[in-house]
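What follows is a short report on a single structure.
Order of the sequence lines fixes the chain letters, A, B, ..., with proteins taken first and strands second; residue numbering starts at 1 for each chain. Below, each value reflects all heavy atoms present in this structure, side chains not excepted, and no hydrogens, waters or symmetry copies.
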Amino acid sequence: MKWSNMYAPTLRDVPGNAEAVSHGLLVQAGFIRQLHSGHYSMLYLGQLVQRKVEAIIREEINGIGGQEMILPTMHPADIWKQSGRWDKMGEIMFTLEDRKGNANALGITHEEIFASVGTELTSYKQLPQLWYQIQIKFRDEARPKSGLLRVREFHMKDSYSFDVDWDGLDKQFDAHHDAYLRIFKRFGLDAFGVLASSGAMGGNSSVEFMVECPAGEDDVIKCPKCDYAANVERGTSVIPKIVDDADPETYERFDTPGVRTIKALEDAGHEANKQLKTLVMVADGETILAVVRGDHQLSLQKLSDQIGGPSELRPATPTEAKELLGAMPGSLGAVGVKGVRIYLDKELQGRTNMTTGANEDDVHYSGVNVERDIECTEWLDLREVQAGEECVNCGGQLDILRCVEVGHIFKLGTVYSEALGLNIANADGSTSPVVMGSYGIGVQRNMAVAVESNYDDKGIIWPMELAPFEVSIVPVKDDEETMAAATSVYESLLASNVDVVLDDRDVRAGVKFADTELIGIPLRITVGPKTLANGEVELTERRSGETQNIAVDAAAATVAEMVAAAK
RNA sequence: CGGGAUGUGGCGCAGUUUGGCUAGCGCACUCGCUUUGGGAGCGAGGGGUCGUGAGUUCAAAUCUCACCAUCCCGACCA
């Protein structure tokens with residue numbers, strides 16, 4: 001590519017509304033432009049990087065036996081109703097009517113669609129299968145943000161495995177796990193797998209791949225001593241046991257005028273860790289109670305996952321709470337409550353002599369024995385882990401890291417194959433539903449995270465495998481000798497299949513240097529009379545800034561080797 | 001969906017509080033001359049429905065109302 005023909009609209013100023021580093025740099029360096037909220041155009045440079053991201057993914061997924069397909073992005077409502085996700089997904093799905101009045105949806109993911117293709121699988125002899133696509137997804141996000149990190153229209157690689165049994169699924173799952181780690185490494189990312197909540201995907205096991213990043217949206221629990229890592233939506237920890245004072249025979253009520261908060265009750269002499277925090281929640285219209293220790297935080301996602309994943313789970317309004325329990329928030333409790341599902345956090349098992357609201361405004365109970373006085377529906381792990389607590393594996397002090405999710409793999413099991421009738425005949429003549437897995441990587445999100453992880457004050461620093469160009473050649477004068485040398489190196493590199501751009505623009509050298517650095521091209525060959533007098537050109541590495549002189553004649557071969565070595 | 005902010009040539013912004021002449025500045029762009037190894041200098045130009053609509057007024061970028069869009073925080077999020 002000759003730069004004079006290339007549309008690479010770099011900006012001198014960082015765009016004003018870009019908060020995330022990758023957003024600002026990708027716009028400033030001319031890779032992307034926004035059309036509207038959550039929708040971006042990939043300009044030439046952006047497209048070049050996207051193709052490289054996709055190529056790496058293809059290579060690795062093909063490497064574990066993947067077969068690429070391309071499925072529709074617009075789906076009939078019916079298939080989403082069959083799996084039960086039409087209602088479950090709610091407003092996240094873009095929907096539209098066609099001219100006949102039929103409901104359609106733009107795909108947010110493709111489990112149903114791949115399963116429908118899979119219904120032609122009839123025998124165990126055809127399995128295992130691994131199918132994938134790189135396809136556009138649409139999600140009507142409540143709040144698109146941070147450039148390419150959270151958008152409404154994006155490319156995703158999604159693969160789907162089909163197996164006879166769970167052992168087969170485990171193998172495909174592990175193969176993806178390893179392939180994903182190789183992929184992220186090639187992206188220049190320091191990614192690690194964490195235990196995750198499967199959320200609306202269903203299934204019973206999933207691993208998210210995370211990269212630490214301030215622009216991220218997930219909090220991850222990570223043990224610095226062992227390999228324990230989990231999303232806060234799922235992770236657990238060990239906390240010191242509390243030894244309670246001897247229990248009175250029964251709980252006692254006492255007046256607490258004006259006391260509405262854990263803190264206020266604490267000031268009145270009842271330590272937060274000896275209080276019960278009773279939260280009234282509404283799950284798909286049903287009012288339920290969740291109880292955690294006074295100084296603990298309820299994890300909504302943990303609750304949701306363990307009570308069957310309702311499509312709506314929210315805190316009750318004060319009015320709803322009063323209707324159910326007879327008091328306003330601040331004096332609520334589960335003691336003596338009947339006919340309501342009551343979920344107690346496991347940390348409360350065996351606790352005695354606790355304090356809680358009496359379901360009468362301005363009144364609390366003390367001396368509550370949790371197991372004796374509360375009709376527990378189920379003990380669940382409901383509390384959110386805090387930094388500094390102990391690792392469940394090794395006792396190390398847990399960190400909580402802000403991360404971006406760069407990939408997610410799911411053991412789906414038979415949820416979709418049962419819903420969509422995907423059954424096969426086994427060797428013994430019996431019939432069983434196919435065991436499925438699904439595995440996703442966001443293409444453009446990874447491109448953005450690669451920038452978040454690789455930049456300096458001059459701009460982006462692409463890893464060699466993702467760079468839009470591997471080398472830029474910068475002639476600093478336009479005299480005949482300089483241009484002849486630059487062109488000759490350029491043509492040799494082209495012949496060696498190196499991705500090279502020749503900056504033949506009629507602009508000052510400083511502009512060329514700045515653009516090459518901003519765009520993040522890993523290697524720069526500077527050609528000018530100074531070194532050409534000795535038959536040499538300069539070679540500068542973007543990341544280190546180090547420059548060396550090399551002979552013009554050897555330049556192309558040397559650089560081609562360096563490029564190959566860096567991949 | 002709740003809270004906050006912003007919307008003025010391609011980009012970044014000032015002007016709005018206190019209404020008043022042809023709406024400014026920097027970058028970018030065009031032309032000329034000079035310059036030329038780290039985002040050049042001088043000179044001359046071109047380009048704006050001031051987010052949209054309604055209203056108040058002799059007069060609106062500026063005041064009022066409604067709407068729209070975008071960003072940030074939260075809620076939400078395979």
Side-chain angles (χ1 to χ4, degrees), chain A residues 9-20 23-24 27-28 30 33-39 83 85 88-93 107-112 137-147 149-152 154 156-158 160 196-203 206-209 215-218 231 233 300-301 304 309 311-315 404-410 412 415-416 437-442 445 458-459 474-479 482 503 505-518 524 526-533 537-538 540 545 547:
Chain A
T10 56
L11 304 173
R12 196 161 211 173
D13 307 310
V14 189
N17 62 4
E19 203 65 25
H23 184 197
V27 172
Q28 193 190 353
R33 286 294 184 264
Q34 181 175 26
L35 177 62
H36 61 148
S37 183
H39 299 261
S83 70
R85 292 208 290 182
K88 199 168 190 173
M89 287 303 177
E91 293 181 315
I92 197 79
M93 209 149 48
I108 54 178
T109 174
H110 280 74
E111 280 74 19
E112 284 83 351
K137 313 285 180 195
F138 290 90
R139 287 184 196 178
D140 192 357
E141 294 286 352
R143 184 150 93 87
K145 58 181 232 186
S146 306
L149 287 176
R150 186 166 196 73
V151 291
R152 303 202 300 175
F154 57 98
M156 180 165 109
K157 185 289 297 176
D158 45 325
Y160 302 82
S197 157
S198 297
M201 291 298 290
S206 87
V207 169
E208 284 172 324
F209 293 87
E217 306 182 77
D218 285 285
N231 197 304
E233 293 175 346
L300 268 181
Q301 191 66 47
S304 172
S311 43
E312 186 202 45
L313 180 66
R314 60 170 174 86
V404 176
E405 178 189 344
V406 289
H408 201 157
I409 58 181
F410 300 86
L412 297 173
V415 184
Y416 296 95
S438 87
Y439 318 85
I441 293 184
R445 174 180 280 192
K458 290 175 179 167
V474 178
V476 294
K477 299 267 191 193
D478 62 355
D479 61 284
T482 300
D503 197 347
R505 291 176 296 171
D506 180 22
V507 294
R508 303 172 77 85
V511 174
K512 298 185 183 184
F513 294 152
D515 274 346
T516 282
E517 285 156 357
L518 175 62
R524 184 184 84 208
T526 311
V527 186
K530 273 187 198 168
T531 54
L532 223 43
V537 294
E538 289 155 78
T540 305
T547 297

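Spacing between B:C29 and B:G10 at atom C1', rounded to whole Å, works out to 9 Å. Taking atom P on both B:A40 and B:C27, the two are 11 Å apart, rounded to the nearest angstrom. Here, B:A23 and B:G74 have their C1' atoms 39 Å apart, quoted to the whole Å. B:U8 and B:A61 are spaced 15 Å apart, taking the P atom of each and rounding to whole Å. Here the separation of B:C21 from B:C58, taken at their C1' atoms, is 15 Å to the nearest Å. Nucleotides B:U6 and B:C65 place their P atoms 15 Å apart, quoted to the nearest Å. If you take atom C1' in B:G45 and the same atom in B:A66, they sit 42 Å apart, rounded to whole Å. Taking atom C1' in both B:G53 and B:C71, the straight-line distance is 24 Å, to the nearest Å.
Nearest to the side-chain atoms of A:Ser37 among the listed nucleotides B:G38, B:C72, B:C71 stands B:C71. Nearest to the side chain of A:His36, among B:C11, B:G38, B:U70, sits B:U70. When the nucleotides B:C76, B:G37, B:U70 are ranked by their closest atom to the side chain of A:Lys530, B:G37 comes out on top. Listed nucleotides B:A75, B:C77, B:G37 differ in distance to A:Glu538; the shortest reach to its side chain belongs to B:G37.
Checking B:G32 for Watson-Crick or G-U wobble geometry (two distances, each under 3.5 Å) identifies B:C42 as its partner. Partner assigned to B:G9 is none, using Watson-Crick or G-U wobble distances below 3.5 angstrom. Nucleotide B:C1: paired with B:G74 (Watson-Crick or G-U wobble, both distances less than 3.5 Å). B:C63 is paired with B:G55 under the Watson-Crick or G-U wobble criterion, all donor-acceptor distances under 3.5 Å. In this entry B:A23 has no Watson-Crick or G-U wobble partner, no candidate having both defining distances under 3.5 Å.
When the P atom of B:C77 is taken as reference, atom CD1 of A:Ile92 falls 8 Å away, rounded to whole Å. In this structure, CZ of A:Arg505 is placed 15 Å from C1' of B:U36, rounded to the nearest angstrom. The separation between A:Gln34 atom CD and B:C11 atom C1' is 14 Å, rounded to whole Å. Separating the CE atom of A:Met89 from the P atom of B:C77 is a distance of 11 Å, rounded to the nearest angstrom. If you take CG of A:Leu518 and C1' of B:A28, they are 15 Å apart, rounded to a whole angstrom. One interatomic measurement links the two molecules: CG of A:Asp478 to P of B:U35, which rounds to 14 Å at whole-angstrom precision. Atom CD in A:Glu217 sits about 12 Å away from atom P in B:C76, given to the nearest Å. As rounded to whole Å, 17 Å separates atom P of B:C27 from atom CD of A:Gln28.
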- Give the intermediate values and the outcome of side-chain contact (heavy atoms from CB on, under 4.5 Å) for residues A:Val537 and A:Leu532. CA-CA 6 Å; A:Val537 294; A:Leu532 223 43; 4.3 Å; yes
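For A:Lys477, a side-chain nitrogen or oxygen approaches OP1 or OP2 of B:G37 to under 4.0 Å. Between A:Arg143 and the phosphate of B:C73, there is a side-chain N or O to OP1/OP2 separation shorter than 4.0 Å.
Proximity of a side-chain donor or acceptor of A:Arg33 to a complementary backbone N or O of A:Val27 within less than 3.5 Å is detected. Distance alone, capped at 3.5 Å, places no donor-acceptor pair between the A:Glu141 side chain and the A:Arg143 backbone.
Residue-level contact check: A:Tyr439 touches neither bases nor backbone, having no heavy atom under 4.0 Å from any strand. Looking at heavy-atom distances under 4.0 Å, A:Pro529 makes contact with a base. No contact: A:Gly440 has no heavy atom under 4.0 Å from any strand. Within 4.0 Å (heavy atoms only), A:Lys145 reaches sugar-phosphate atoms of the nucleic acid but no base atom. No engagement by A:Ser304 is indicated, since no non-hydrogen atom pair under 4.0 Å with the nucleic acid exists. Counting non-hydrogen atoms under 4.0 angstrom, A:Arg524 reaches a base of the nucleic acid. Residue contacts shown for A:Arg314 are absent, as no nucleic acid heavy atom lies under 4.0 Å away.
Paired with A:Tyr439 under the rule side-chain contact (heavy atoms from CB on, under 4.5 Å), one option of A:Leu412, A:Val207, A:Ile409 passes, and it is A:Ile409.
Between A:Arg524 and A:Glu517 a salt bridge is recorded (basic side-chain N to carboxylate O distance below 4.0 Å).
The two atoms that bring A:Glu111 and A:Ser438 nearest to each other are OE2-OG, 2.9 Å, heavy atoms only.
Heavy atoms from other residues, nucleotides or ligands lying under 6.0 Å from CD of A:Glu91 number 12 at most.
In terms of position along RNA chain B, the nucleotide closest to A:Asp506 lies nearer the 5' end than the nucleotide closest to the other residue of the pair A:Asp506 and A:His23. Each of A:Val476 and A:Leu300 has a nearest nucleotide on RNA chain B; the 5'-most of these lies closest to A:Val476.
Side-chain polar atoms of A:His110 and A:Lys137 form a donor-acceptor pair below 3.5 angstrom.
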